[in-house]
Amino acid sequence: MSIHNFYDSDTTDQLAQQMLGMLLTYESPNGLVGGRIVETEAYMGEQDSAAHAFQGKRTASNEPLYGPAGTVYIYSIHGKYLLDVATQSPDEPQGILIRAIEPTIGQEIMYRNRPRSGVELTNGPGKLMAALGIAEKTMNFEIIGEGKLNIDVHDRWQPRRVQESGRIGVSIGEWTDRPLRYYVSHNPYVSGIKRNEVNIANFGWI
DNA sequence: ACACGGATATTCT
DNA sequence: GAATATCCGTGTA
């Protein structure tokens, strides 16, 4: 197995865009669940004022960011659990936050995990983790694809258009307005998308 | 002990 | 739509 993989094959912002459409799956105790990635954010490491590793900040909880490309980084905020994948070489603490998925596998299981209607199932980073049924950090330091969490880089739906914007919840430093959030234009599972932006016919896929 | 955050739910005009 | 209320793990003290 090579030490190089998708997660160090390009700059982190480029990787975040390329992840849109990929199939994310989790072999949960209740069965296989997952869906298509429709929204991501890139965090560019020590120089990025919004990143957990800004200025080299390194603690027990953000340590997975310093792991090799593809390391799972689950962290909690406001009592929720969020999913990141570390990018670039070890000790280069960049990463990508998975912000929303369009559910395609095990939807019944996910609606049981998170009893909300429609897009409310997975249209946010904490929501999608609750839907998958992940509420702990035990998968930290695993390499994505080597455990129960997987992102299939070869199984990718093609977005008609990729849209970018500033990152959500980021309000400090000069990186606040950098367009490092990416989403599938017109997809209903994108967080905060307006109803009249949704393309009900194709959900924004080719 | 305590303040706060890469969020979400609820409660209003 | 916008303004709270609440979530609880984490970092610093």
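Numbered from 1 within each chain, the chains take letters A, B, ... in sequence-line order. Values in this document were obtained by computation on a predicted structure and should not be read as measured data.
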At under 4.0 Å between heavy atoms, what does A:E136 touch on the DNA or RNA strands: base, sugar-phosphate, or nothing?
nothing
The remaining residues in the hydrophobic cluster of A:V170, counting side-chain heavy-atom contacts under 4.5 Å among Ile, Leu, Val, Met, Phe, Trp and Tyr, are A:Y43, A:L65, A:Y66, A:Y73, A:Y75, A:I77, A:L82, A:L97
Length of the [atom1]-[atom2] vector between [X] and [N], whole Å:
X	N	atom1	atom2	value
A:D48	B:dG6	CG	C1'	10 Å
A:N62	C:dG11	CG	P	7 Å
A:K137	B:dG6	NZ	P	14 Å
A:I74	B:dG6	CD1	P	17 Å
A:R178	B:dG6	CZ	C1'	17 Å
A:L128	B:dT8	CG	C1'	13 Å
A:M129	B:dT8	CE	P	12 Å
A:M44	B:dG6	CE	P	18 Å

Please tell me whether A:M110 and A:I105 are part of a single hydrophobic cluster in this structure, the criterion being side-chain heavy atoms less than 4.5 Å apart.
no
Scanning both residues in full, the closest heavy-atom pair of A:Q158 with A:R156 reads OE1-NH1, 3.1 Å
Restricting to pairs with a member in residues 179-193 of chain A, which pass side-chain hydrogen bond (donor to acceptor under 3.5 Å, both in side chains), not counting sequence neighbours?
A:E39-A:R181, A:E39-A:S191, A:R99-A:S191, A:E102-A:N187, A:S165-A:R181
Check side-chain contact (heavy atoms from CB on, under 4.5 Å) between A:T11 and all other residues, then give those that pass, not counting sequence neighbours.
A:D13, A:Q14
Does A:S61 place a side-chain N or O at less than 4.0 Å from the phosphate oxygens OP1/OP2 of C:dG9?
no
Quick one: is C:dG11 close enough that its OP1 or OP2 comes under 4.0 Å of any side-chain N or O from A:K57?
no
Mind checking salt bridge (Lys or Arg N to Asp or Glu O under 4.0 Å) for [X] and listing every partner two or more places apart, or none if nothing turns up?
X	value
A:D177	none
A:D10	none
A:E197	A:K194
A:E120	A:R114, A:K127

Non-hydrogen side-chain atoms of A:I143 and A:T71 separated by less than 4.5 Å:
yes
Side-chain touch A:T25/A:D152, heavy atoms, less than 4.5 angstrom
no
For A:Y7, what residues pass the side chain to side chain donor-acceptor pair (under 3.5 Å) criterion, not counting sequence neighbours?
none
Numerically ordered, the residues 76-114 of chain A set in heavy-atom contact under 4.0 Å with DNA chain C is A:S76, A:H78, A:G79, A:Y81
Under-3.5 Å N/O pairs linking protein and nucleotides 10-12 of chain B:
none

Confirm from the modelled atom types if A:Y75 and C:dG9 form a donor-acceptor pair under 3.5 Å, side chain to base only.
no
Nearest 0.5 angstrom please: A:M44 CE to A:L180 CG, how far?
6.5 Å
Set out, in order, the CA-CA distance, both residues' side-chain angles and the distance that settles side-chain contact (heavy atoms from CB on, under 4.5 Å) for A:W157 and A:V38, then state yes or no.
CA-CA 10 Å; A:W157 289 359; A:V38 299; over 6 Å; no
DNA chain B contacts made by residues 180-200 of chain A, counting heavy atoms under 4.0 Å:
none
Treating a pair as Watson-Crick (purine N1 to pyrimidine N3 plus N6-O4 or O6-N4) or G-U wobble (N1-O2 and O6-N3) with both distances under 3.5 Å, list the stems of 3 or more consecutive pairs that involve DNA chain B.
B:1-5 with C:8-12, B:7-12 with C:1-6
